[in-house]
Amino acid sequence: MIKVNDCNFSIEQICESGQCFRLKKIEENKYSMIALGRYLELEQDQNEITFHCTPEEYVQVWEHYFDLNTDYKRFIESVTEEDEYLYRAVQFGKGIRILEQDVWEIIISFIISQQNNIKRIRKCIELLCEKYGEKKFINKTEIYYDFPTIQALAGATEEELRDCNLGYRSRYILNTAKSILNKEVDINALKKMDYKDAKVELIKLSGVGEKVADCICLFSLHHLDAFPIDTHIKKVLNQYYPKGFPFETFLGYTGIIQQYIFYFDLKNGNV
DNA sequence: ATACAGGTCTTAA
DNA sequence: TTAAGACCTGTA
């Protein structure tokens, strides 16, 4: 176990920000995460976060995964009070970090996310993991399921996938798994491409359009210029930026700005 | 009951 | 190139 002090990020906000669906609150200030074939428990007490893993695992895996080496102050401070709405959004979600998640898992997760709500997305993914993922032990009694492999989903049928409440997305997932398995789209090559090229490749996948491709670029390939436009962002852009959003002000990290807006609207949209 | 949730695909003008 | 309509399912 390792303690990180003076961290200015929030597990709560990362959990609620809708970019990762297998990070969940177990009890007050306590969270569990299943990712990269591993199980991790985290606790947050103010500015101190406890990672329940070895210091080696923290350095080799989680520090990078949670983007903890990046100082977000520079992004936050670039938003001035002049832009009242954006300033409020950034202050509200300043504990958010953009994770660097597994590409395959994020492709499937965000195909599931279309025309769906976060609660149901989590449920679909949980069912998918229980049905197709490898079963692993946390200790003698507690278990968890890895995210399914490419082979596992490519070998399923559309009807079986529908049992995970995936609805019409079942066909997309099956087709996508097959075309990744037979290398029509090489997801390992994606990691070496720039944002533009990666997006073009991703859109070749069934069920992946502009928006989902941007989510994959942002949340797994760490292309911070990817700016997914969904219903929330569309609403905000129309309402607060009718003359256009100042993308050029935030070049190189517009995706992070997008995430502050998304989180702010998600949590305060009906206020 | 009807509309909507982190959209995409197909078809047709 | 743009636009309408279909598409699963749980929740409010």
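Here the structure is a predicted model, which means the values were calculated and not measured. Per chain, numbering begins at 1; letters A, B, ... match sequence-line order.
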Among the nucleotides [options], which one has an atom lying closest to any side-chain atom of [X]?
{"X": "S113(A)", "options": "dG10(C), dG7(B), dG6(B)", "answer": "dG6(B)"}
{"X": "N165(A)", "options": "dG10(C), dG6(B), dG7(B)", "answer": "dG10(C)"}
{"X": "Y172(A)", "options": "dC8(C), dT8(B), dG6(B)", "answer": "dT8(B)"}
{"X": "Q114(A)", "options": "dC8(C), dG6(B), dG7(B)", "answer": "dG7(B)"}

(Q) For H64(A), I'd like to know if atom NE2 has over 12 heavy atoms of other residues, nucleotides or ligands within 6.0 Å. (A)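 Atom NE2 in H64(A) is not packed in, count stays at 12 or less.
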Q.
In whole Å, measure the gap between the C1' atoms of dG6(B) and dA4(C) for me.
A.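 Those two atoms are separated by 22 Å.
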Q) Expressed as a whole number of Å, how far does the P atom of dT8(B) sit from that of dT11(C)? A)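 The answer is 24 Å between these two P atoms.
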(Q) Does the structure show a Watson-Crick or G-U wobble partner for dA13(B), both distances under 3.5 Å? Name it, or say none. (A)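 With both distances under 3.5 Å, dA13(B) matches dT1(C).
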(Q) Pairing check on dG6(B): which nucleotide meets the Watson-Crick or G-U wobble criteria with it, both distances under 3.5 Å? (A)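 For dG6(B), the partner nucleotide comes out as none, under the 3.5 Å rule.
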Q) Any side-chain N or O of K119(A) under 4.0 Å from OP1/OP2 of dT11(C)? A)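 So the side chain of K119(A) is within the cut-off, an N or O lying under 4.0 Å from OP1 or OP2 of dT11(C).
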Quick one: label [X] by what it contacts on the DNA or RNA (base, sugar-phosphate, nothing), any heavy atom closer than 4.0 Å.
{"X": "S17(A)", "value": "base"}
{"X": "L205(A)", "value": "sugar-phosphate"}
{"X": "R162(A)", "value": "sugar-phosphate"}

Tell me the interatomic distance from [X], atom [atom1], to [N], atom [atom2], rounded to whole angstroms.
{"X": "E210(A)", "N": "dC9(B)", "atom1": "CD", "atom2": "P", "value": "11 Å"}
{"X": "I216(A)", "N": "dG7(B)", "atom1": "CD1", "atom2": "P", "value": "14 Å"}
{"X": "I233(A)", "N": "dG6(B)", "atom1": "CD1", "atom2": "P", "value": "12 Å"}
{"X": "I118(A)", "N": "dG10(C)", "atom1": "CD1", "atom2": "C1'", "value": "15 Å"}
{"X": "N117(A)", "N": "dT9(C)", "atom1": "CG", "atom2": "P", "value": "14 Å"}
{"X": "K204(A)", "N": "dC9(B)", "atom1": "NZ", "atom2": "P", "value": "14 Å"}
{"X": "R122(A)", "N": "dG6(B)", "atom1": "CZ", "atom2": "P", "value": "12 Å"}
{"X": "N116(A)", "N": "dC7(C)", "atom1": "CG", "atom2": "C1'", "value": "12 Å"}

Q) In terms of the nearest nucleotide of DNA chain B, which residue is placed more toward the 5' end: Q258(A) or G207(A)? A)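 Final value for this comparison: Q258(A).
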**Q.** Note: K178(A)-E184(A) ion pair, threshold 4.0 Å (strictly below)
**A.**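 Result for this pair is no, no salt bridge flagged.
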**Q.** salt_bridge(R38(A), E57(A)) N-O dist < 4.0 Å
**A.**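 Looking at R38(A) and E57(A), the cut-off is met.
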**Q.** Aromatic ring of F262(A) stacked on base six-ring of dG6(B), 5.5 Å, 30°
**A.**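 Aromatic stack with dG6(B) present for F262(A).
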Q) Quick one: does Y263(A) reach the base of dG6(B) with a side-chain donor-acceptor pair under 3.5 Å? A)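 No such pair is found, so the answer is no.
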**Q.** Any N/O donor-acceptor pair, R171(A) side-chain to dC7(C) base, under 3.5 Å
**A.**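 A donor-acceptor contact between them is absent.
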Q) Is the centre of the F75(A) ring less than 6.0 Å from the centre of the Y260(A) ring? A)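 No.
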Q | Aromatic ring proximity F227(A)/F247(A), centre distance under 6.0 Å | A |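 They qualify: ring centres under 6.0 Å apart.
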Q. Can the positive tip of R97(A) be found less than 6.0 Å from the middle of the six-membered ring of Y72(A), inside 45° of the ring normal?
A.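 That pair qualifies as a cation-pi contact.
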